[in-house]
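Structure first, commentary second.
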Amino acid sequence: MLEETERAVVTARMDRAPLIIRRVDAIPVALPLKSPMKMAGITITKAENLLVRVEATGGQVGWGEAPSAPTMTGDTQGGLVASMRDHLAPLLVGKNAWPDNDHRPMLCRALVGNTGAHSAVEMALLDLAGRASGTRLVDVMTARPARRTVAPMWLLGNATPDEDIAEARAKQAEGYHFFKLKIGVKPLADDIATTFAVRVALSRTPLCADANCGLTLDAARRYLAETSDAKLLFVEQPLGAGDLAGLKMLARGTKTPIGMDESIHSLADIDAVKRAGAKGVSLKLIKLGGFREAFAAGRLCEKLGLKINVAAKIAETSIGSAAAVHLACAAPNVDWGVSLTHFYLAEDVVKRPLELCDGAVMLPQGPGLGVEVDEAAVAKFTVR
Ligand SMILES: [Mg+2]
């Protein structure tokens with residue numbers, strides 16, 4: 001269902017010449033992180049992502065991105081490239097890219113799953129259409145953006161509480177006022193001790209924890225019980241992605257809100273975790289298969305009374321981060337913060353990476369995603 005503004009934009013485009021897609025390129029890139037990110041199940045040292053470059057016959061270009069996420073969507077970098085190059089790109093060449101032509105049904109019939117690839121190509125098509133029409137992506141999604149800035153949280157996942165506290169203090173000085181602890185990697189007693197140490201050090205700062213499926217039911221119960229005085233805003237994905245029975249038991253016995261991330265791959269999943277007692281969800285474009293679906297998920301969360309965290313995956317460039325900002329500005333009730341991950345990269349592929357200013361990142365004002373891709377930087381980091 002198109003919103004009012006999208007209908008207006010679409011209607012205005014009816015009289016325009018078609019925006020014909022001339023070529024679609026799948027570009028694998030590898031970018032170094034500033035430092036390794038250790039989380040339950042995986043340690044990430046570099047971002048292995050897919051960039052999608054869509055070019056129209058008039059020379060206009062749009063960009064999309066999806067990170068590999070083997071422990072979240074099952075997408076590997078090779079799989080993302082093959083999905084685009086062999087299955088999705090050939091179907092799009094010669095098609096009209098204006099967004100009233102929703103190519104998702106055709107693309108989803110041709111390639112089931114592979115939500116990262118579907119998200120990257122939809123992002124590139126919307127960026128292209130936005131640039132060609134002078135429209136910000138957020139304005140294609142909604143007549144009433146919920147906000148114009150977002151305040152990103154910073155992830156903490158060091159070996160010791162002292163290192164976490166030192167990093168948090170340094171990031172506070174840069175303007176971060178919201179932190180997330182990665183748990184489920186160390187022994188449980190260490191996770192609990194770290195939670196209290198960081199809580200005491202950041203006494204009035206919103207703090208949450210993310211286990212990335214890394215706890216057993218018993219360990220999750222103990223963590224929630226023993227950290228209840230730490231006043232965590234929420235604990236994310238304590239149990240495995242499919243363990244809704246465990247979630248139900250856990251949610252019944254704790255006052256700390258539980259959010260779900262790896263469990264969410266569709267609107268039906270959002271309904272299911274709500275019924276099992278979750279109080280919020282993390283929306284990522286790669287899990288839902290793109291903007292339209294993620295925005296619909298946001299509206300469903302509003303209807304169900306679920307809080308939202310909008311997140312990019314560790315680590316996306318400013319292309320993926322810009323997309324997350326547009327989603328977070330379009331979606332209602334983003335009460336559980338925003339995770340932007342280009343800040344964790346040593347280098348970016350856009351001319352002016354999104355900046356943190358007074359603790360906030362502004363919605364980019366340019367057309368489409370509002371970031372200018374540096375094609376020389378893309379070439380530098382392309383995996384050959
Ligand atoms: Mg998470």
Side-chain angles (χ1 to χ4, degrees), residues 33 36-44 47 66-75 115-116 119 150 152-158 164 176 178-186 191 194-195 198 206-215 219-220 223-224 227 232-244 246-247 250-251 256-266 269-270 272-274 276 278-288 294 297-298 301 306-316 320-321 323-324 327-328 331 334-344:
L33 264 63
M37 177 62 68
K38 196 167 185 180
M39 52 185 93
I42 196 166
T43 297
I44 299 175
S68 56
T71 60
M72 183 161 287
T73 60
D75 287 317
T115 45
S119 174
V150 298
M153 65 172 74
W154 188 261
L155 304 182
L156 299 170
N158 295 291
D164 280 338
Y176 287 91
F178 195 153
F179 293 88
K180 177 188 262 188
L181 283 168
K182 285 291 183 186
I183 61 168
V185 179
K186 292 179 272 219
D191 276 339
T194 299
T195 301
V198 174
L207 181 66
C208 57
D210 186 357
N212 293 104
C213 310
L215 300 178
Y223 181 81
L224 287 163
T227 60
L232 295 173
L233 189 63
F234 61 96
V235 171
E236 188 167 294
Q237 198 71 44
L239 307 175
D243 191 0
L244 294 192
L247 170 63
L250 209 53
T256 305
I258 298 174
M260 300 307 273
D261 184 1
E262 282 87 343
S263 296
I264 306 300
H265 298 277
S266 67
D269 289 340
I270 293 173
V273 301
K274 163 73 181 177
K279 295 288 191 280
V281 300
S282 174
L283 298 182
K284 288 186 174 81
L285 290 162
I286 56 167
K287 293 187 305 182
L288 278 309
C301 289
L306 290 169
K307 313 273 192 197
I308 296 174
N309 159 260
V310 169
K313 173 89 177 60
I314 298 283
E316 301 182 42
S321 277
L327 174 63
V334 182
D335 298 319
W336 279 359
V338 175
S339 302
L340 302 179
T341 54
H342 67 287
F343 293 120
Y344 301 86

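Read the numbers this way: they start at 1 and go in the same order the structure lists the ligands and their atoms.
Within Glu236, the N, O or S atom at minimum distance from the Mg ion (ligand 1) carries the name OE2. Among heteroatoms of the N, O or S kind in Asp210, OD2 lies nearest the Mg ion (ligand 1). Of all N, O or S atoms in Asp261, the one lying closest to the Mg ion (ligand 1) is OD2.
The pair Lys287-Glu262 does not meet the salt-bridge criterion, since no charged nitrogen lies less than 4.0 angstrom from a carboxylate oxygen.
With contacts defined as side-chain heavy-atom distances shorter than 4.5 Å, the pair Ile44/Pro36 does not qualify. The closest side-chain heavy-atom distance from Cys301 to Ile270 is below 4.5 Å.
Aromatic ring centres of Phe234 and Trp336: separated by under 6.0 Å.
At a cut-off of 2.8 Å, Glu262 does not coordinate the Mg ion (ligand 1) through any N, O or S atom.
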